[in-house]
Amino acid sequence: MNRPIAIRHTPIRILRCCLFLLLVPASWASFAAPLTVGIYHNPPQVFQDEAGKPKGIYVDLIRRIAQLEGWEIEFVWGSWAGHLEAIKSGELDLITTIAYTEERDRFADFTQTPVVSVWGQIYQQPNMDLRNIIDLDGKVIAVMKNGVYGTRLEQLCNRFDIQCTIMPVLDYHEVLSAVSQQRAHAGAVVSLFGFANEQQYRVKRSPIIYEPFGLRFATPEGQNGAILATIDDYMRRWKGAPDSFYYQTVNQYIEVDTPINKLPKWIKNSGLVLLFVALVVITWGAATRRLNRQLKREIRERKRSEAALETHNARLKHILDTAPVPMVLANDRDEVTYINPAFESGFGYGLGAFPSVSEWWARMIPDEAYRHQARQRLEERLEKNVDATVAFDPIELEVRARSGEGRQIEVSMIRLDEGERLITLYDISEGHARETKLNELTTQLQASNAELEQFAYVVSHDLRQPLRMVNSYVQLLERHLQGALNEETRLMMHFTTDGVQRMDQMLMSLLEYSRVGRLGEPMAPLDSRDALDEAIQFLQTDIEAAGAEITLSGEWPRLDASRNELTRLFQNLLSNAIKYRQPDARPAITVAVESESDGWRFVVADDGIGIDPGQMERLFRVFQRLHTREQYEGTGIGLAVSRKIVERHGGRIWVESEGAGHGCRFFFTIPRSRAA
């Protein structure tokens, strides 16, 4: 079997090959029968011109040899795969541009000297950026059917576990056509063909190359050995002479057919060709091993990243599928790409109901005028949203479910990668109905409170007149019958007068309670310290009588408050601290203020009799007393008035005490919104 000389990985063997090629004598022969030579479209090596005439480097070389040897040749036009099958069956005498492989060695004999040396070259679509073999993962790669470069590429991808789709086509032109027409992401061709035709097909050459080969002539196994020997003899002699027919032919096709992407200059010198191929083969093993290790590491990393990404995507999809909030995904082409189950169950629409966002708007908001207004509001909110990766504040809209039921929703949106948008729709129909009902109840309550306050004012004001009359007549009756009354009758008259006076005090207190917020001074800027000083001045007589010591501390803020109500608040709390002091003790009272994040906290602390913790809930109710009138005077309405004043100013009031004999601390707050 006539095999090509194997090039080993040592310089000595390379030199032996070169000497052998130079010293072997030529074999001359002539053949009576026409010599069938298979050619196909693979310029500039073999092709047909516009007139259908065979052309190319291999065609001109075999023509010249046939002319010199007296052979009659017949060119057979077809496909590469068809010619390869014809060589197997012996139906073709000679095939061109074939690379030696062990598989082909079982059915063909090869010339010893390659005509040209080439390698596999990957071409890609102009908008792609393939940089190494790993980037072919997940891509569709066009290759020539039964071509060595397609076979070797598939083996290389399998070795590195690169999951790509190999798409066999008729010839190299079909490979580049598939890439140009975007039927394939990339294509593998022989380098010489790619250089000559890449501009025609407007494809981009990638930096991915592999498998350097010497392209030869071949015949069916065991046939036409003399033909191969004769071709080898011419090739050796021609390649050894720089001005030979071989170099004239190569230069002609390089300069005419490939003016931009010329063949490498080293192809003009056979010695340099052999040296280049030798060096490539020598370094190929080591480089391939290093590349293999690197590629395997990168593949492992990429697969780990892909696995992590798949896990992340699956988790994200699970979150979207199980989220109770209706969500929609749309792309930059205005297409709805995903609807989660919460949306489908809430509004009755599946993914097929909305081919586009515009159709979605039309189905959910049938009223054209309202729909136009809603989209304008959405676009305005999008324009104002500085950070596109953060959801904008929701917009409240009224939409229709598939059943025709009206829904009140809040729509928000966030931009994702690759132009996608995640749209969320919060169904606030129930909350909106509750809010409407609450507003109605609040309005009714406010009206009822106003009526109650008016009623309390009328009752407390109008009842005082008949009480005063009863009190006057009882006093007149007592003076008129003074001499006729016995002790029991006088006691009854005293109880009547005392009851009338206490009733009058209670009505006065009720009248005061009803006036809070209704007849008080309007809210206006004032210094809180001024209101406190005024309250202390009103209580000066009680303070001196009790010998009370009042200590003030803190930075007193300026507030927006009702002056007489704030003064009344301080007066009530200070009055209680003085009244409920320890027997035979001078009360020590502290009034302080502290700034908090949301406002100010005031405290009035004393060292008085304290409060049983179980009784604290009763303190701020109307007419609630913890002591008998014989122990302490009062109507039990002062703290109720204090609570109402604090709440009118937006704060709250409470008391703390460790129990009887440990004093009290009354706290109340005024929010910062009341700062003047």
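Not a single donor-acceptor pair under 3.5 Å links the side chain of Asp60 to the backbone N or O of Thr249. Looking only at distances, no side-chain donor or acceptor of Tyr246 sits under 3.5 Å from a matching main-chain atom of Leu61. Not one N or O on the side chain of Ser180 forms a donor-acceptor pair closer than 3.5 Å with the backbone of Leu176. Formation of a donor-acceptor pair under 3.5 Å by the Asn197 side chain with backbone atoms of Gln200 is not found in this model. Ser191 places no side-chain N or O within 3.5 Å of a backbone atom of Gly120 that could act as its donor or acceptor partner. Judged purely by atom type and a 3.5 angstrom limit, His83 uses its side chain to pair as donor or acceptor with the backbone of Val76. Using a distance-only test at 3.5 Å, with no hydrogens or angles considered, no donor-acceptor pair links the side chain of Thr111 to the main chain of Arg216. Counting only distance, with no hydrogens or angles, the side chain of Lys145 and the backbone of Asp171 share no donor-acceptor pair below 3.5 Å. With Asn340 contributing its side chain and Leu320 its backbone, the two residues share a donor-acceptor pair below 3.5 Å. At distances below 3.5 Å, at least one donor-acceptor pair connects side-chain atoms of Gln125 with backbone N or O atoms of Ala184.
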Between Phe193 and Gln121, is a side chain to side chain contact (heavy atoms under 4.5 Å, CB included) present by the stated rule, with each step listed?
CA-CA 9 Å; Phe193 178 86; Gln121 179 72 56; over 6 Å; no
Under the criterion side-chain hydrogen bond (donor to acceptor under 3.5 Å, both in side chains), I'd like the reasoning laid out for Glu198 against Tyr123: C-alpha separation, chi angles, the key distance, then a yes or no.
CA-CA 8 Å; Glu198 60 186 20; Tyr123 281 87; 2.6 Å; yes
Evaluate side chain to side chain contact (heavy atoms under 4.5 Å, CB included) for Thr424 paired with Val411, printing each intermediate quantity in order.
CA-CA 6 Å; Thr424 57; Val411 180; over 6 Å; no
Verdict with supporting geometry, Ile141 and Leu136, side chain to side chain contact (heavy atoms under 4.5 Å, CB included):
CA-CA 8 Å; Ile141 315 298; Leu136 298 180; 3.8 Å; yes
For Met235 and Val115, run side chain to side chain contact (heavy atoms under 4.5 Å, CB included): C-alpha distance rounded to whole Å, both residues' side-chain angles, the deciding distance at 0.1 Å, then the answer.
CA-CA 7 Å; Met235 293 305 301; Val115 178; 4.1 Å; yes
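Residue pairs meeting the side chain to side chain donor-acceptor pair (under 3.5 Å) criterion with at least one member in residues 39-53, sequence neighbours excluded, are Tyr40-Asn42, Tyr40-Thr97, His41-His173. The salt bridge (Lys or Arg N to Asp or Glu O under 4.0 Å) analysis of residues 85-99, with sequence neighbours excluded, yields the pairs Glu85-Lys88.
Enclosure of atom CD in Gln181 by more than 12 non-hydrogen atoms of other residues, nucleotides or ligands within 6.0 angstrom is indicated. Within 6.0 Å of CD on Gln155 lie more than 12 heavy atoms contributed by other residues, nucleotides or ligands. Counting non-hydrogen atoms of other residues, nucleotides and ligands closer than 6.0 Å to CZ of Arg183 gives a total above 12.
Minimum heavy-atom separation, Ala374 to Ile365: CB-CD1, 4.2 Å. Across all their heavy atoms, Gln124 and Asp129 have their closest contact at OE1-N, 3.4 Å. Across all non-hydrogen atoms, the minimal contact from Tyr149 to Tyr210 is O-OH, 2.8 Å. When all heavy atoms of Pro126 and Arg202 are compared, the pair lying nearest together is CG-O, 3.4 Å. Pairing each heavy atom of Tyr201 with each of Ser177, the nearest pair is CE2-OG, 3.2 Å. Residues Leu92 and Pro220 approach most closely at O-CG, 3.1 Å, considering heavy atoms.
Side-chain contact between Phe107 and Ile87 is present, with heavy atoms from C-beta onward closer than 4.5 Å.
The CG atom of Leu422 sits 5.5 Å away from the CG atom of Leu329 when rounded to the nearest 0.5 Å.
When each of Thr96, Ile98, Ile227 is tested with Phe217 by the rule side-chain contact (heavy atoms from CB on, under 4.5 Å), just one qualifies, namely Thr96.
A salt bridge is defined here as a Lys NZ or Arg NE, NH1 or NH2 lying under 4.0 Å from an Asp or Glu carboxylate O, and Lys139 with Asp137 fails to meet this definition.
Scored by the ring-ring contact (aromatic ring centres under 6.0 Å, His included) test, Phe75 finds no partners at all (sequence neighbours excluded).
Taking the six-membered ring where the residue is Trp, the centroids of Tyr234 and Phe245 are separated by 6.0 Å or more.
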